[in-house]
Amino acid sequence: MENRVIRIALIGDYDPQVTAHQAIPVALGLAAEHSGLNVQGQWLATECIRADTPLEAYDGFWCVPGSPYRNLEGALRAIRFARERPRPFLGTCGGFQHAVLEHARNVLGWSDAEHGELSPDAVRAVITPLTCSLVEAIDDIQLREGSLIAKAYETSQIREGYRCRYGVNPAFEQALLKHDLQPVGHDAAQGLRAIELEGHPFFVATLFQPERAALQGVLPPLVRALVDACAQGQA
């Protein structure tokens, strides 16, 4: 087991000042200790993700916080690869937002779908400012029983922290969720906080930042689940 290498692409633009970016290597290290596997996270700057980027070299993908990314199209290209291949995928905070945007454009065919942070006046901004900003907020989330995320946490009620100002535009939420994209986590006000892709071995995205728990020495359940899914994909 110790010789097995799990390579996870970290889709995003590394910034040492971002708390989540500080936490991610720690979280992967904790997952490595737990699994007995050699887990290697490699930062994949969005501006470097092109059509010829060898994404097949990675066992899994994690689209990390820190948007707006330097290259929106690069981030969406990597997410699409993970969705279509299919490879295990985790999106947190900005990763959640861009997983939704990728689905809108490439599954639903909404070529005019935009992220409101970059295109605030777009007719079809599927990601828009939250009614209440979730910057350094902590809240309860109800998980759908039987979902991948509920299995990872081993409970249907969790409490997690955010550093986020944008979420799914309520005007498009129902249409976005008509196909394989499943709502699996809501806050007390019924705000959508977690999604999964039905029919995919592991495609989970959350608006909250579970990786931060690693800075307190706690292995985030979703990071453990991502690594486990990558290992199963190698089997």
Side-chain angles (χ1 to χ4, degrees), residues 7-31 39-50 53 55 58 60-83 87-105 113-120 125-130 132-139 160-169 185 192-195 203-216 218 220 222-223 226-227:
R7 295 180 176 87
I8 297 177
L10 304 175
I11 307 163
D13 307 311
Y14 178 69
D15 182 347
Q17 302 303 314
V18 174
T19 302
H21 291 190
Q22 299 167 15
I24 286 167
V26 181
L28 292 175
L30 290 171
V39 180
Q40 299 179 359
Q42 180 178 332
W43 289 93
L44 200 57
T46 58
E47 61 191 348
C48 297
I49 305 173
R50 306 181 180 89
T53 301
L55 299 176
Y58 298 101
F61 294 81
W62 183 350
C63 193
V64 306
S67 61
Y69 305 124
R70 289 197 289 266
N71 181 1
L72 171 69
E73 298 303 327
L76 296 184
R77 180 174 287 116
I79 295 170
R80 182 173 188 170
F81 180 91
R83 176 177 58 79
R87 298 286 172 88
F89 172 85
L90 175 63
T92 54
C93 196
F96 168 99
Q97 299 162 15
H98 287 75
V100 170
L101 180 58
E102 192 279 328
H103 184 87
R105 287 189 180 181
E114 296 288 352
H115 192 304
E117 189 171 19
L118 296 174
S119 303
V126 296
I127 303 296
T128 48
L130 295 163
C132 295
S133 177
L134 293 171
V135 176
E136 303 305 331
I138 298 175
D139 200 4
E160 286 285 4
Y162 301 81
R163 197 183 191 285
C164 187
R165 294 185 176 87
Y166 287 81
V168 173
N169 184 343
L192 182 60
R193 301 294 179 253
I195 56 171
F203 192 105
V204 181
T206 71
L207 200 58
F208 51 87
Q209 297 185 357
E211 57 267 36
R212 287 187 171 211
L215 296 177
Q216 279 73 53
V218 177
L222 277 177
V223 179
L226 172 65
V227 170

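Heavy atoms only: backbone and side chains are in, while hydrogens, waters and symmetry mates are out. For the single chain, residues carry numbers from 1 onward in sequence order. These numbers come from a predicted model, not from an experiment.
By the 4.5 Å heavy-atom criterion applied to side chains, Ser67 and Gln97 are counted as neighbours. You'll find the side chain of Arg163 reaches within 4.5 Å of the side chain of Arg212, heavy atoms only. When side chains are defined from C-beta on, Glu102 counts as touching Arg83, because their heavy atoms get closer than 4.5 Å. Counting heavy atoms from C-beta on, the side chains of Ile24 and Trp62 come closer than 4.5 Å. Between Ile127 and Asn169 there is no side-chain heavy-atom pair separated by less than 4.5 Å. By the 4.5 Å heavy-atom criterion applied to side chains, Pro68 and Glu117 are counted as neighbours. No side-chain heavy atom of Ile8 sits under 4.5 Å from any side-chain heavy atom of Leu90.
Side-chain N or O atoms of Arg87 include one that pairs as donor or acceptor with a backbone N or O of Tyr58 at under 3.5 Å. Side-chain atoms of His21 come within 3.5 Å of backbone atoms of Asp15 as a donor-acceptor pair (strictly under, hydrogens ignored). A donor-acceptor distance shorter than 3.5 angstrom exists from the side chain of Arg105 to the backbone of Ala113, with no hydrogens or angles considered.
Counting all heavy atoms, side chain and backbone alike, Ala78 lies closest to Ile11 at CB-CD1, 3.6 Å. Listed here is the closest heavy atom pair of Thr53 and Cys48: OG1-O, 3.1 Å. Taking all atoms of both residues into account, the shortest heavy-atom contact from Val223 to Ala27 is CG1-O, 3.8 Å. Between Phe61 and Ala82, the shortest heavy-atom contact is CD1-CB, 3.8 Å. When all heavy atoms of Leu55 and Leu44 are compared, the pair lying nearest together is CD2-CD2, 3.7 Å. Of all heavy-atom pairs between Leu222 and Pro210, the closest is CD1-CG, 4.2 Å.
Atom CD in Gln40 sits 10.5 Å away from atom CG in Leu28 (nearest 0.5 Å). Distance OG1/Thr46 to CG/Asp13: 3.5 Å, rounded to 0.5 Å. Atom OH of Tyr166 and atom CG of Leu207 lie 12.5 Å apart (nearest 0.5 Å).
Other residues, nucleotides and ligands contribute only 12 or fewer heavy atoms inside 6.0 Å of the CZ atom of Arg165.
Checked against ring-ring contact (aromatic ring centres under 6.0 Å, His included), Phe203 has the following partners two or more places apart in sequence or in another chain: Phe89, His200. Under the ring-ring contact (aromatic ring centres under 6.0 Å, His included) criterion, His98 pairs with Tyr69, His115, not counting sequence neighbours.
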Derivation and outcome, side-chain contact (heavy atoms from CB on, under 4.5 Å), residues Ile195 and Val168: CA-CA 11 Å; Ile195 56 171; Val168 173; over 6 Å; no

side-chain contact (heavy atoms from CB on, under 4.5 Å) between Thr19 and Leu215, intermediate numbers included: CA-CA 9 Å; Thr19 302; Leu215 296 177; 3.7 Å; yes

Test log, rule side-chain contact (heavy atoms from CB on, under 4.5 Å), inputs Tyr14 and Val64: CA-CA 9 Å; Tyr14 178 69; Val64 306; over 6 Å; no

CA sep, side-chain torsions, deciding dist, call: Asn71, Ile49, side-chain contact (heavy atoms from CB on, under 4.5 Å): CA-CA 8 Å; Asn71 181 1; Ile49 305 173; 5.9 Å; no

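A donor-acceptor contact closer than 3.5 angstrom links the side chains of Glu211 and Thr92. Between Tyr162 and Gln209, the side chains place no donor N or O within less than 3.5 Å of an acceptor N or O (distance only, hydrogens not considered).
Salt-bridge annotation for Arg80 and Glu73: absent, with no side-chain N of the basic residue lying under 4.0 Å from a carboxylate O of the acidic one.
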